[in-house]
Amino acid sequence: MDGPDVGWYLIVAAALFGIGALGVMLRRSPLIVLLSLEIMLNAANLTLIAFARQHGDLGGQIFALAVMAVAAAEVAIGLGLIVAMARRGMLLDVDQASALRG
Amino acid sequence: MLVVSLTNPFYSALSLIGNLASLAVLFLLLSAEFLAAAQVMVYAGAVMVMFLFVVAYLGGRADAPWAGGPPLLRGAAVVAATALLVQTVVVLALAWGDNLTDPAEIEASFGSPAAIGEAFLTDHLLAFEITSIVLLVAAVGGVVLGTTREKEQEV
């Protein structure tokens with residue numbers, strides 16, 4: 001294969017996943033938490049595609065596409081929720097939003 | 001990484017675009033041409049535009065100060081993320097050389113839109129249908145979130 005071994009891709013993906021997890025755990029703004037979630041999902045996508053290339057199996061790429069679709073859906077819902085929170089005048093802080101009823 | 005650390009979500013989202021674009025290049029390197037194109041269009045295009053719209057809509061309230069929980073929890077989060085990273089790297093180092101070094105032979109059409117489409121519609125038809133239903137439900141959910149807000153505003 002032209003380019004680096006699969007292991008390097010996996011290390012990059014692990015680093016990305018760690019960064020994303022850090023963002024989810026450390027930040028309080030739901031917007032940033034969503035962005036960090038995107039990073040984590042993309043890290044998972046990178047591993048899926050790396051292994052698909054490694055084994056010469058298209059299934060991994062199909063799965064990555066499905067993950068992409070789920071991520072898009074999740075972002076749509078998440079942003080809708082954030083806008084709803086903002087319109088109700090709630091504080092945009094995931095630690096404050098602990099009750100299910102506004 | 002910039003996305004996590006910046007306090008202005010606008011700049012965060014912009015740096016995430018850079019991140020996603022470089023990931024698309026990595027996908028190309030792994031001979032996943034269709035996925036690279038989809039990555040650029042879906043993420044760097046649609047999702048990011050949506051993010052920027054919401055950030056612009058929220059205006060100043062979107063600014064996110066760093067803090068999060070007591071210092072103990074923050075330290076624990078850093079430790080947990082580092083442990084995750086170290087764990088993965090150690091496992092990789094142990095497994096290196098066994099299966100990780102010689103990739104399978106693939107033909108030139110691997111990862112092309114035609115190959116992806118054929119695999120999707122033959123072997124993975126169920127996954128395809130489920131994906132479409134997930135997207136439909138998400139769209140309906142977004143619309144429901146929007147309309148309830150409108151009613152509240154009128155009242």
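Chain identifiers are assigned alphabetically (A, B, ...) following the order of the sequence lines, protein sequences preceding nucleic acid strands; residue numbering begins at 1 within each chain. Atoms considered below: every heavy atom in the structure, side chains included; atoms not considered: hydrogens, waters and symmetry mates.
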Trainee: Side chain, backbone, both or neither: which part of E74(A) has an atom under 4.5 Å from a heavy atom of chain B?
Mentor: neither
Trainee: Would you name the heavy atoms of V134(B) and A73(A) that are closest together and state the gap between them?
Mentor: CG1-CB, 4.2 Å
Trainee: If you round to the nearest 0.5 Å, how far is CG of L16(A) from CG of N19(B)?
Mentor: 5.5 Å
Trainee: Measuring heavy-atom distances to chain A, does L20(B) have an atom under 4.5 Å in its side chain, in its backbone, in both, or in neither?
Mentor: side chain
Trainee: Spell out, yes or no, whether F34(B) and I49(A) are grouped together once hydrophobic residues are joined by side-chain heavy atoms under 4.5 Å, including indirect joins.
Mentor: yes
Trainee: What's the verdict on side chain to side chain contact (heavy atoms under 4.5 Å, CB included) for L35(A) and M48(B), showing C-alpha distance, side-chain angles and the deciding distance?
Mentor: CA-CA 10 Å; L35(A) 287 175; M48(B) 280 305 117; 4.2 Å; yes
Trainee: Looking at CG of L79(A) and CZ of F53(B), how far apart are the two atoms once the value is rounded to the nearest 0.5 Å?
Mentor: 12.0 Å
Trainee: Calculate, to the nearest 0.5 Å, the distance between atoms CZ and CG belonging to F27(B) and N42(A) respectively.
Mentor: 6.0 Å
Trainee: Is there a path of hydrophobic side-chain contacts, each under 4.5 Å between heavy atoms, that joins F63(A) and F51(A)?
Mentor: no
Trainee: Is L28(B) reachable from L26(B) through a run of I, L, V, M, F, W or Y residues, each pair having side-chain heavy atoms under 4.5 Å apart?
Mentor: no
Trainee: Look at the side-chain heavy atoms of Ile, Leu, Val, Met, Phe, Trp and Tyr, link any pair under 4.5 Å apart, and say whether I82(A) and L52(B) land in one connected group.
Mentor: yes
Trainee: Give, for atom OH of Y9(A) and atom CG of L23(B), the distance between the pair rounded to the nearest 0.5 Å.
Mentor: 11.0 Å
Trainee: Specify which of G18(A), A66(A), A50(A), A21(A) makes the most heavy-atom pairs with chain B at under 4.5 Å.
Mentor: A50(A)
Trainee: Of the non-hydrogen atoms in A69(A) and L135(B), which two are nearest, and what is the gap between them?
Mentor: O-CD2, 3.6 Å
Trainee: What is the distance from atom CE of M50(B) to atom CG of L34(A), rounded to the nearest 0.5 Å?
Mentor: 9.5 Å
Trainee: If hydrophobic clusters are built from ILVMFWY residues whose side chains come within less than 4.5 Å, do V12(A) and F17(A) share one?
Mentor: yes
Trainee: Indicate the atoms forming the closest heavy-atom contact of A138(B) with I77(A), along with that distance.
Mentor: O-CD1, 3.6 Å
Trainee: Rounded at 0.5 Å granularity, tell me how far CE in M68(A) sits from CE in M41(B).
Mentor: 9.5 Å
Trainee: Among V75(A), I62(A), L46(A), which residue has the highest count of heavy-atom pairs closer than 4.5 Å to chain B?
Mentor: I62(A)
